S.K.: 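What follows is a single structure, and I will ask about it in a moment.
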Amino acid sequence: MKVRFARHTNNLEAIKSFYIGILGLELLGSFENHNGYDVIFIGVHITDWYLEL
């Protein structure tokens, strides 16, 4: 089973800095300008969960 937690943000760089820089999670993937949204996937690659921001 995979668990996905999605959260909207207006400040992707600050969120990225917090989750990756401070909490030590990994950037698992990203895409830009999909229906007007930039998205990053953050988590730990050996687990079955990730954050979608």
Side-chain angles (χ1 to χ4, degrees):
M1 171 177 30
K2 291 216 178 232
V3 176
R4 171 184 165 243
F5 177 78
R7 178 181 183 268
H8 180 268
T9 181
N10 290 327
N11 195 342
L12 196 56
E13 287 306 312
I15 295 291
K16 189 174 170 181
S17 176
F18 175 74
Y19 284 106
I20 295 171
I22 295 173
L23 295 182
L25 298 176
E26 303 168 32
L27 179 63
L28 302 174
S30 66
F31 57 82
E32 294 180 356
N33 200 21
H34 176 69
N35 291 330
Y37 290 99
D38 295 340
V39 176
I40 58 174
F41 303 96
I42 296 175
V44 179
H45 75 279
I46 60 171
T47 63
D48 288 334
W49 62 269
Y50 63 91
L51 305 173
E52 181 177 325
L53 305 157

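As the structure is a prediction and not an experimental result, all values here were calculated from the model.
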S.K.: Using the rule that Ile, Leu, Val, Met, Phe, Trp and Tyr join whenever any side-chain heavy atoms are under 4.5 Å apart, tell me whether Phe5 and Val44 fall into a single cluster.
M.R.: yes
S.K.: Taking a hydrophobic cluster as the set of Ile, Leu, Val, Met, Phe, Trp and Tyr residues connected by side-chain heavy atoms closer than 4.5 Å, whether directly or through intermediates, do Tyr50 and Val39 fall within one such cluster?
M.R.: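 Linked, Tyr50 and Val39 end up in one cluster.
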S.K.: Once you round to the nearest 0.5 Å, how far does CD1 of Ile42 lie from CG of Leu53?
M.R.: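 Going from CD1 on Ile42 over to CG on Leu53, the span is 5.0 Å.
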S.K.: Flag yes if Trp49 and Ile46 sit in one hydrophobic cluster, no otherwise; membership is Ile, Leu, Val, Met, Phe, Trp, Tyr, and two members link when side-chain heavy atoms are under 4.5 Å apart.
M.R.: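 Same cluster: Trp49 reaches Ile46 through Ile, Leu, Val, Met, Phe, Trp or Tyr contacts under 4.5 Å.
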S.K.: Please output the side-chain donor-acceptor pairs of residues 13-34 that fall under 3.5 Å, not counting sequence neighbours, one pair per line with the distance.
M.R.:
from, atom 1, to, atom 2, distance (Å)
Glu26, OE1, His45, ND1, 3.0
Glu26, OE2, His45, ND1, 3.4

